[in-house]
*Asks:* 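Quick one: the structure is below, questions incoming.
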There are 2 protein chains.
Amino acid sequence: MEPTTKRPLRADAERSVRAILEAAERVLAADPGASMEQIATAAGLARTTVHRRFANRQAVLDALAVSAARQLLDAVDDGRPDTAPPLVAIHRITANVLQVKYSWTYALGLPPEPGSEAARLHAEVQARCMAVFQRAQRDGLLSPDADLDWARRVYYALVGESLHGNDANADPDTIAARLVDTFLHGFAAAR
Amino acid sequence: MEPTTKRPLRADAERSVRAILEAAERVLAADPGASMEQIATAAGLARTTVHRRFANRQAVLDALAVSAARQLLDAVDDGRPDTAPPLVAIHRITANVLQVKYSWTYALGLPPEPGSEAARLHAEVQARCMAVFQRAQRDGLLSPDADLDWARRVYYALVGESLHGNDANADPDTIAARLVDTFLHGFAAAR
DNA sequence: AAAAAACGCAACAGTGAAGTTCCATTTAAT
DNA sequence: ATTAAATGGAACTTCACTGTTGCGTTTTTT
């Protein structure tokens, strides 16, 4: 029952925490109802060790959500959303996000508890996204009529869909290019 | 243990079956791990009655998936996908599908068991969808370069996204119009 | 009105997972 | 090398859910 970081963990304990979170992602992605035992085994640990690091199942899920959300925010910031030209930023962010989302599909699909750290991080990501879109609209890349909130939701949906069917190693830049092209122009014949 | 329809069910029994499926959709949409007890209560029935109509939990899920998939296929066929002009068909199908999907979000999100009736129905829906898109491409509505499989996936994703945040009574035709517009033209400024 | 079917309710057994405790052993920190 | 922390493993309790059975009562069918 010590979820709060009282003193720094020992090196092996920190490895265990990471192993648990990575195992949880793998196992829960395959079966959201998987047991703590399955997670522990996948992490190469005993079940009691998992319970020593996380008070209960929910604590694992919370930590998993926060960990993944942090990496997502980093992926976005690495695309320079505030300084790069909008089209470049959107491309880079998309490619970065696709990689993170592929590795943390389950964790990033978890509904963030309102008020939680994970929710705060997701809101941060969303703010970056909206800022880029607003700049893109001012630069004439996006239509002046575009509903940016709807645009953001569509963009999220395209990212989610782009994760399917790609056997891991498919070039993220290629997928991102197709995604952005669809986002901008849709499927209608050129006018 | 009588999942197979031996003799026609009595009137009240058939009402029970429908009540169970509708309750299962509501309850499981809110919590996918909900118990049979919760489903029974939501259906206004005793738990044993649920077990009398469905051998086990999986049988409920299967029946739920099939029921929803049937309605989905009906919604698609009501849009005349083979005869109406492609743009009209796409609009109508979209509006119809949105309504069905809104009422059966959970059931239609279930991964269809390979080889099951539900899987067959979903494949049928997909075939209708591809047929419309091919006609649309021949008619010059969709770009000759468009990857129709990717287009279909994007279309599905847009449908899924359009279900969120709409407080039920939002006009399906309005939402469908926005969806189709985005699908065709994206968000870029007009060239 | 009589027969058949469906229902509610209570009770029961079986299962599996969550969470805890204790202790011997291993591993990291100083 | 000593100390403190972390781990594995077994055992145990608790608990919720599943699936089943039996029986008296209600509802539908004919």
Side-chain angles (χ1 to χ4, degrees), chain A residues 1-65 67 106-107 110 113, chain B residues 1-65 67 106-107 110 113:
Chain A
M1 276 187 201
E2 58 275 37
T4 54
T5 314
K6 321 188 88 170
R7 279 176 313 201
L9 290 177
R10 228 172 63 176
D12 49 356
E14 270 199 277
R15 275 182 307 180
S16 292
V17 170
R18 290 214 304 235
I20 291 168
L21 294 184
E22 288 168 11
E25 166 62 35
R26 286 197 306 273
V27 171
L28 294 176
D31 173 16
S35 66
M36 301 288 274
E37 177 76 47
Q38 290 175 267
I39 295 173
T41 300
L45 297 172
R47 187 171 63 92
T48 46
T49 301
V50 177
H51 276 112
R52 223 176 264 121
R53 299 279 146 253
F54 299 97
N56 49 38
R57 183 192 183 83
Q58 190 57 43
V60 176
L61 297 181
D62 291 347
L64 185 59
S67 165
Y106 174 79
L110 280 175
E113 297 287 326
Chain B
M1 275 186 200
E2 57 277 32
T4 53
T5 315
K6 320 186 93 171
R7 279 176 313 198
L9 290 177
R10 229 172 63 177
D12 50 355
E14 272 199 275
R15 273 183 309 185
S16 292
V17 170
R18 288 212 308 234
I20 291 167
L21 294 184
E22 288 168 10
E25 165 63 33
R26 285 197 306 273
V27 171
L28 294 176
D31 172 17
S35 67
M36 301 287 274
E37 177 78 46
Q38 289 175 266
I39 295 173
T41 300
L45 297 172
R47 188 171 62 93
T48 46
T49 301
V50 178
H51 277 113
R52 228 178 258 122
R53 299 280 145 250
F54 299 98
N56 48 40
R57 181 191 185 82
Q58 189 58 42
V60 177
L61 297 182
D62 292 347
L64 184 60
S67 166
Y106 174 80
L110 280 174
E113 297 285 326

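Numbered from 1 within each chain, the chains take letters A, B, ... in sequence-line order.
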*Asks:* Considering only side-chain heavy atoms of B/Ala46, which listed nucleotide, C/dG8, D/dA11, D/dT28, is closest?
*Replies:* C/dG8

*Asks:* Report the distance from atom CD of A/Gln58 to atom P of C/dA17, rounded to the nearest whole Å.
*Replies:* 18 Å

*Asks:* Working to the nearest 0.5 angstrom, can you tell me the gap between A/Arg52 CZ and A/Ile20 CD1?
*Replies:* 10.0 Å

*Asks:* Is there a donor N/O on one and an acceptor N/O on the other, under 3.5 Å, for the side chain of B/Arg47 and the base of D/dG19?
*Replies:* yes

*Asks:* Which sits closer to the 5' end of DNA chain D, B/Gly33 or A/Ala13, going by the nucleotide each is nearest to?
*Replies:* A/Ala13

*Asks:* Just N and O in the side chain of B/Arg53: are any of them under 4.0 Å from OP1 or OP2 of C/dC7?
*Replies:* yes

*Asks:* From the list C/dA17, C/dA28, C/dT20, which nucleotide is the closest neighbour of the side chain of A/Ser35?
*Replies:* C/dA17

*Asks:* Measure from the side chain of B/Leu9, starting at C-beta and using heavy atoms only, and say which of D/dT18, C/dA28, C/dA6 lies closest.
*Replies:* C/dA6

*Asks:* Of the listed nucleotides (C/dA5, D/dT20, D/dT7), which one gets closest to any side-chain atom of A/Arg52?
*Replies:* D/dT7

*Asks:* Which of these nucleotides, C/dC9, C/dC7, C/dA29, is closest to any side-chain atom of A/Arg10?
*Replies:* C/dA29

*Asks:* Over how many whole Å does the gap from B/Met36 atom CE to D/dG19 atom C1' extend?
*Replies:* 9 Å

*Asks:* Kindly state which residues belonging to residues 14-32 of chain B come within less than 4.0 angstrom of DNA chain D, counting heavy atoms of the residue only, listed by number.
*Replies:* B/Arg15

*Asks:* What is the distance, to the nearest angstrom, from the CG atom on A/Asn56 to the P atom on D/dA16?
*Replies:* 15 Å

*Asks:* Within this structure, what is the CG-to-P distance between A/Asp12 and D/dT7, rounded to whole angstrom?
*Replies:* 5 Å

*Asks:* Quiz question: going by heavy-atom distance under 3.5 Å, is there a donor-acceptor pair between the base of C/dC7 and the side chain of B/Thr48?
*Replies:* no

*Asks:* Roughly how far, to the nearest 0.5 Å, is CZ of A/Arg26 from CG of A/Leu21?
*Replies:* 11.0 Å

*Asks:* First locate atom CD of B/Glu113, then atom CG of B/Leu61, and finally report the distance between them rounded to the nearest 0.5 Å.
*Replies:* 9.0 Å

*Asks:* So, B/Gln38 side chain and B/Ser35 main chain: donor-acceptor pair closer than 3.5 Å or not?
*Replies:* yes

*Asks:* Can you tell me how far CG of A/Asn56 sits from CE of A/Met36, rounded to the nearest 0.5 angstrom?
*Replies:* 7.5 Å

*Asks:* In whole Å, what is the span from the NE2 atom of A/His51 to the P atom of C/dT21?
*Replies:* 12 Å

*Asks:* What distance do B/Ser67 atom OG and B/Asp62 atom CG have between them, rounded to the nearest 0.5 Å?
*Replies:* 12.5 Å

*Asks:* Below 4.0 angstrom from OP1 or OP2 of D/dG8, is there any side-chain N or O of A/Thr49?
*Replies:* yes

*Asks:* So does B/Tyr106 get a backbone contact from the side chain of B/Glu25, meaning a donor-acceptor N/O pair under 3.5 Å?
*Replies:* yes

*Asks:* Can you tell me how far the CZ atom of A/Arg47 sits from the CD1 atom of A/Ile39, to the nearest 0.5 Å?
*Replies:* 11.5 Å

*Asks:* Side-chain N or O of B/Arg57 less than 4.0 angstrom from OP1 or OP2 on D/dT18?
*Replies:* yes

*Asks:* Go nucleotide by nucleotide along DNA chain D from the 5' end; which of B/Glu37 and B/Ala11 gets its closest nucleotide reached first?
*Replies:* B/Glu37

*Asks:* Using whole Å, what does the distance between atom P of nucleotide D/dT20 and atom CZ of B/Phe54 come to?
*Replies:* 15 Å

